[in-house]
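Please read all numbers here as calculations on a predicted model, not as lab measurements. Remember, it's 1-based here, ligands and their atoms both numbered in the order they're listed.
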Amino acid sequence: MLELEGLVTAFDTPRGRLRAVDGVSLKVDAGRTLCIAGESGCGKSVTALSVMGLLADNARVEAGRILFRGRDLVPLPPAERRRLRGRELAMIFQEPLTALNPVLPVGDQVAEVFRIHGTAGPNEARERAMALFEQVHIPDAARRFGEYPHQMSGGMKQRVTIAMALAHRPALLLADEPTTALDVTIQAQVLNLLAELQREIGMAMVFVTHDLAVVAQIADEVAVMYAGRVVERAPVAELFERPAHPYTQGLLAARPRPGQTRHDGTPLPAIRGNLPPLGQRPAGCSFRDRCPRAEARCADETPALRPVARGHEAACLLLEAAP
Ligand SMILES: Nc1ncnc2c1ncn2[C@@H]1O[C@H](COP(=O)(O)OP(=O)(O)O)[C@@H](O)[C@H]1O
Ligand SMILES: [Mg+2]
């Protein structure tokens, strides 16, 4: 359904043109969920926004292809990208208010999606919007229909934005941290809802999150990003059982688990240091200055993804045969 081939997205900044996404390749099939995981700033959102064609004005897709149903989206004119958005491609965000108008009743906003795309007249749009409210399990849908965003809880608002995104039964849904702002119980409900709607619609989903607990719950496949690159890619169970890249191993070790509470106050084994900002990333392996296993050769060569097991790839020189 979606295949990225060597995607490079760069920003024009006062310090020159800097790559936030630096050669990302990944793939997701219909009915499947790919999670893009990794620390804040590693390029997850920029990857998703590149696919949607919703990048900031100072951003450019410099290289690579974004194949959606086999067709490259990169060279398409803006009007064609707009037509795809909200129909075949849809996106939901961390903060539902970015997608909702504060001064319009939520039901009208969902109905509006059909009007914008010219896919239903006013009466049919209302009926279809009401049906969507029921499909996303908004209780007491008829009354909720007339409410304004500020009258709703975060979880209910996110259900409204999901209804808008799914109005035209998209082939691909991009979800950028859509549960991060919600309480964990509400988060689980929204994840279950997305999984249920995915089964009904058969859509592919790219789910961006920094939260490994969310990855474990919703992913089929996982791509771990670091500093604008995919450093590991695997089916979800394989990734959790046999993480190959030192960065993935560090993320998994830093995760709080039951029975691991350190009553003596020893901190969890966090990955040392921070993700360096754009333009300050080391040559060679960009993780090497934080890597507990880095060797001299890690500075000389940028590791490429290579197979470590069936369907499992990692980009680390130490996984290759010693030189
Ligand atoms: N409009 C912009 N101009 C310059 N740099 C940007 C812009 N938007 C994002 N970035 C930078 O791109 C990098 C990747 O950001 P992002 O994809 O948002 O990370 P995340 O993985 O947290 O979603 C970050 O270093 C961020 O500061
Ligand atoms: Mg982000």
### Query
Could an N or O of ligand 1 be found under 3.5 Å from any N or O of Thr13, whether backbone or side chain?
no
### Message
I'd like to verify the contacts: list protein N, O or S atoms under a distance of 2.8 Å from the Mg ion (ligand 2).
### Response
Ser45 OG
### Check: Ser45 N/O within less than 3.5 Å of ligand 1 N/O
yes
### Query
Among all protein non-hydrogen atoms, which one is nearest to atom 25 (O) of ligand 1, and what is the separation to 0.1 Å?
Leu278 CG, 3.5 Å
### Summary
For Glu5, the salt bridge (charged side-chain N to carboxylate O under 4.0 Å, His left out) test, sequence neighbours excluded, returns Arg65
### Message
Among all the protein's non-hydrogen atoms, which is closest to atom 1 (N) of ligand 1, and how far away is it?
### Response
Asn58 OD1, 3.2 Å
### Query
Which of the atoms of ligand 1 are close to Ser40, meaning less than 4.0 Å from one of its heavy atoms?
22 (O)
### NE2-CG distance between His245 and Leu318, expressed to the nearest 0.5 angstrom
8.5 Å
### Query
How far is atom 15 (O) of ligand 1 from its nearest protein heavy atom, and which residue and atom is that?
Val46 CG2, 3.8 Å
Could you list the donor-acceptor pairs under 3.5 angstrom formed by side chains in residues 180-193, with sequence neighbours left out?
residue : atom : partner : partner atom : Å
Thr180  : OG1  : Glu177  : O            : 3.4
Thr180  : OG1  : Glu177  : OE1          : 2.6
Asn192  : ND2  : Ala188  : O            : 3.3

### Query
With a 4.0 Å cut-off, strictly under, does atom 18 (O) of ligand 1 pick up any protein heavy atom?
yes
### Message
What's the separation between atom CZ in Arg83 and atom NE2 in His117, rounded to the nearest 0.5 Å?
### Response
9.5 Å
### side-chain hydrogen bond (donor to acceptor under 3.5 Å, both in side chains) evaluation trace for Thr9 with Glu62
CA-CA 6 Å; Thr9 303; Glu62 271 192 349; over 6 Å; no
### Task
Check whether any side-chain heavy atom of Leu73 sits under 4.5 Å from a side-chain heavy atom of Leu67, and report yes or no.
no
## Note on the structure
Under 4.0 Å between heavy atoms, the region of Asp176 that gets near ligand 1 turns out to be neither
### Message
I want to know if ligand 1 touches Phe11 in the polar sense, i.e. an N/O pair below 3.5 angstrom.
### Response
no
#### Entry: Closest candidate by heavy atom, reference atom 20 (P) of ligand 1, pool Gly41, Ala37, Ala10
Gly41
### Taking every non-hydrogen atom, the tightest pair across Val113 and Ala167
CG1-CB, 3.9 Å
## Note on the structure
Separation between CZ (Arg169) and CE (Met203), nearest 0.5 Å, reads 9.5 Å
### Task
Nearest 0.5 Å please: distance from the CG atom of Leu317 over to the CZ atom of Arg306.
9.5 Å
### Message
If we set the cut-off at 4.0 Å for heavy atoms, which region of Cys42 has an atom near ligand 1: side chain, backbone, both, or neither?
### Response
both
### Message
Looking only at protein heavy atoms, which one is nearest to atom 12 (O) of ligand 1, and what is the separation?
### Response
Ala20 CB, 3.4 Å
### Query
Does Leu212 sit in a hydrophobic cluster with other residues, and if so which ones, taking ILVMFWY side chains as linked at heavy-atom separations under 4.5 Å, directly or through other members?
Val215, Val222, Val224, Tyr226, Val231, Val236, Leu239, Phe240, Tyr247, Leu251, Leu252, Ile271, Leu275, Phe287
### Task
Apply side-chain hydrogen bond (donor to acceptor under 3.5 Å, both in side chains) to Gln158 and Thr161, showing your working.
CA-CA 5 Å; Gln158 200 56 292; Thr161 70; 2.4 Å; yes
### Query
At a 4.0 Å threshold, what atoms of ligand 1 neighbour a non-hydrogen atom of Ala56?
1 (N)
### Message
Any atom of ligand 1 sitting under 4.0 Å from a heavy atom of Gly38?
### Response
no
### Task
Quick one: do His168 and Glu88 satisfy side-chain hydrogen bond (donor to acceptor under 3.5 Å, both in side chains)? Show the steps, please.
CA-CA 7 Å; His168 291 101; Glu88 290 167 72; over 6 Å; no
### Task
Enter the distance from Arg272:CZ to Cys291:SG here, rounded to the nearest 0.5 Å.
7.5 Å
